[in-house]
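Shown next, in structure tokens, is the structure this report addresses.
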Amino acid sequence: MIKKTPSGSPSVDEEVLEKLAEDHPICKTLLEHRGLSKLKGTYTDKLPRMVNAKTGRVHTTYSQSTAVTGRLASLDPNLQNIPVRTVEGRRIREAFIAPPGAKILSADYSQIELRIMAHLSGDKSLLEAFSKAEDVHRHTAAEVFDTPLGDVTSEQRRYAKVINFGLIYGMSAFGLAQNLGIERSAAQAYMAKYFQRYPGVAAYMERTRNEAKERGYVDTVFGRRLWLPDIRSANQARRAGAERQAINAPMQGTAADLIKLAMIAVQDWIEREMLATKLVMQVHDELVLEVPEAELARVKPEVERLMMGVAKLDVPLVVDAGMGENWEEAH
DNA sequence: TTTAATGGCGCG
DNA sequence: AAAGCGCGCCATTAAA
């Protein structure tokens, strides 16, 4: 079956071209060209032109009223989509450097949305996995594949990771099958096994859908609402879309609430202590700071502590922090 | 030259 | 009938 775009024309996206590349080598070449063009056009050519003449820096704008979940959006330029997943892309991230005498500090929340799912659902097994500081994808793999933790293969863990992310997005068995390239019946069996092993999550999903339908909105741990006008639509596709939003918004939105609290806590502390450290970027679950070397020993542990401590959920908030000459090195 | 729509793809 | 959440920006195309 040929994949179509929303307007009905045949899709030539990366997924399709990867498939076609099996028979037509030029597709591989086209994909390489697309990837490099993307980096050149969006970042390498563009960012240097956006350097402010007075400051010698690029300055983003954060919008607080764009994302319906409460996330910030970064624009002109967007600094929340700087490449990181490929080696070529990471060379662009390396261009984000600290001034002389300072380092870049990057601090991000670990598995924040899955932790929030554990908190919201109260699922015993998932809460326990986090309280024991286990690798959550490995834990899921062990449960879904009926395997001792130590015997989980890398492929089983990869599958479990797709399942975990899929849950956050309200993915169906069809979507899971598509993503993993397996039969729908197999995907259905994995999901059934997941919900059998994490019954609290299953109940939470059900409860959330029902509540959304009853009230017409869902909310975050801190009370911000997302209204869902399509949740009772007669149109099945619209209704299903609203249900996925209902599942995702409390998790994505609570994560957004948490990092906003962290931004406030960190900036307050910097000002109280009259430090020269600067909070320079937010990337959804990550804060980036410029820290003079003389302040590093104080700032790194305190930023970690402040981020961990912004809220007391039923699950620990873990922060991974690193530093370096540039943003890539700090990861 | 600007605006809007489209398809695609960078990130969390 | 559709099938995975949230964004912003690129090149292309067509039209104003």
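Sequence lines set the chain letters: A, B, ... in the order given, protein chains first and strands last, and positions in each chain run from 1.
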* Quantified in whole Å, what is the P atom distance between nucleotide C:dA3 and nucleotide B:dG7? ->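 Pairwise P distance, C:dA3 against B:dG7, rounds to 14 Å.
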* When rounded to the nearest Å, what value does the distance between P atoms of C:dA2 and B:dT6 take? ->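 Roughly 16 Å separates the two P atoms.
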* **Whether A:T147 side chain and A:D151 backbone form a donor-acceptor pair below 3.5 Å** =>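 A pair under 3.5 Å: no.
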* Asked: Are the side chain of A:R93 and the backbone N or O of A:W327 linked by a donor-acceptor pair below 3.5 Å?
  ->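 Pair absent, no side-chain N/O of A:R93 close to backbone of A:W327.
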* Asked: For A:F130, which residues count as a ring pair (Phe, Tyr, Trp, His ring centres under 6.0 Å) partner, sequence neighbours excluded?
  ->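 So A:F130 forms no ring pair (Phe, Tyr, Trp, His ring centres under 6.0 Å) with any residue.
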When all nucleic acid strands are considered with a 4.0 Å heavy-atom cut-off, which category describes [X]: base, sugar-phosphate, or nothing?
X: A:I112; answer: nothing
X: A:D108; answer: nothing
X: A:Q236; answer: base
X: A:I168; answer: nothing
X: A:A73; answer: sugar-phosphate
X: A:R34; answer: sugar-phosphate

* **Distance-minimising heavy-atom pair for A:P301 and A:L296** =>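 Shortest heavy-atom contact: CD-O, 4.0 Å.
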Between [X] and [Y], does any side-chain N to carboxylate O distance fall below 4.0 Å?
X: A:E15; Y: A:K19; result: no
X: A:D219; Y: A:R225; result: no
X: A:R298; Y: A:E273; result: yes

Side-chain hydrophobic cluster, 4.5 Å single linkage: members besides [X]:
X: A:V16; result: A:V12, A:L17, A:L20, A:L30, A:L31
X: A:L36; result: none
X: A:L226; result: A:V68, A:V218, A:L228, A:I231

* Return the orientation label for the A:Y198 and A:H139 ring planes: parallel under 30°, perpendicular over 60°, tilted otherwise. =>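 It falls in the tilted class, 30° to 60°.
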* With under 30° as parallel and over 60° as perpendicular, where do the rings of A:W227 and A:Y217 fit, or are they tilted in between? ->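 Answer is tilted, since the angle falls between 30° and 60°.
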Distances under 3.5 Å between nitrogen or oxygen atoms of protein and nucleotides 12-16 of chain C:
none

* Can a donor-acceptor pair be found between the side chains of A:N164 and A:T140 at a distance below 3.5 Å? ->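 Yes, because at least one side-chain N or O of A:N164 sits under 3.5 Å from a partner of the opposite role on A:T140.
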* Quick one: do the A:H331 and A:E286 side chains pair a donor with an acceptor below 3.5 Å? ->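 There is such a pair between these side chains.
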What parts of [range] reach DNA chain B, counting only heavy atoms under 4.0 Å away?
range: residues 35-50 of chain A; value: A:K38, A:Y43
range: residues 6-27 of chain A; value: A:P6, A:S7, A:S9, A:S11, A:V12, A:D13, A:E14
range: residues 310-325 of chain A; value: none

Give the cluster check for [X] versus [Y]: same hydrophobic cluster or not, with ILVMFWY residues linked at side-chain heavy-atom distances below 4.5 Å.
X: A:L47; Y: A:L75; answer: no
X: A:V318; Y: A:M117; answer: no
X: A:I264; Y: A:V283; answer: no

* Asked: Name the stems that DNA chain C belongs to, where each is three or more consecutive Watson-Crick or G-U pairs with both distances under 3.5 Å?
  ->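 Stem list for DNA chain C: B:1-12 with C:5-16.
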* Mind running side chain to side chain contact (heavy atoms under 4.5 Å, CB included) on A:V291 and A:I104 for me, showing each step along the way? => CA-CA 6 Å; A:V291 188; A:I104 298 291; over 6 Å; no
Between [atom2] on [N] and [atom1] on [X], what's the gap in Å once rounded to a whole number?
X: A:M1; N: C:dA1; atom1: CE; atom2: P; result: 13 Å
X: A:H284; N: C:dG6; atom1: NE2; atom2: P; result: 13 Å
X: A:L72; N: C:dG8; atom1: CG; atom2: C1'; result: 14 Å
X: A:K3; N: C:dA3; atom1: NZ; atom2: C1'; result: 12 Å
X: A:F174; N: C:dA1; atom1: CZ; atom2: P; result: 14 Å
X: A:N78; N: C:dC7; atom1: CG; atom2: P; result: 12 Å
X: A:R184; N: C:dA2; atom1: CZ; atom2: P; result: 14 Å
X: A:K4; N: C:dA3; atom1: NZ; atom2: P; result: 15 Å

* Asked: Between which nucleotides of DNA chain B, 5' to 3', does chain A make heavy-atom contacts below 4.0 Å?
  ->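 First-to-last contact on DNA chain B, by the 4.0 Å heavy-atom rule, is B:dT6 to B:dG12.
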Donor-acceptor pairs are to be reported for all side-chain atoms of residues 200-214 of chain A against protein atoms at under 3.5 Å, with residues two or more places apart or in another chain.
unit_1 : atom_1 : unit_2 : atom_2 : d
A:T208 : OG1    : A:Y204 : O      : 2.7
A:N210 : ND2    : A:E206 : O      : 3.3
A:E211 : OE2    : A:R215 : NH1    : 3.1

* Set of residues satisfying salt bridge (charged side-chain N to carboxylate O under 4.0 Å, His left out) with respect to A:E325, sequence neighbours excluded ->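 Partners of A:E325 by the salt bridge (charged side-chain N to carboxylate O under 4.0 Å, His left out) criterion, ordered by chain and then number, come out as A:K103.
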* Asked: Closest to the A:R71 side chain: C:dC9, C:dG6, C:dA3?
  ->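 Of the options given, the side chain of A:R71 lies nearest C:dG6.
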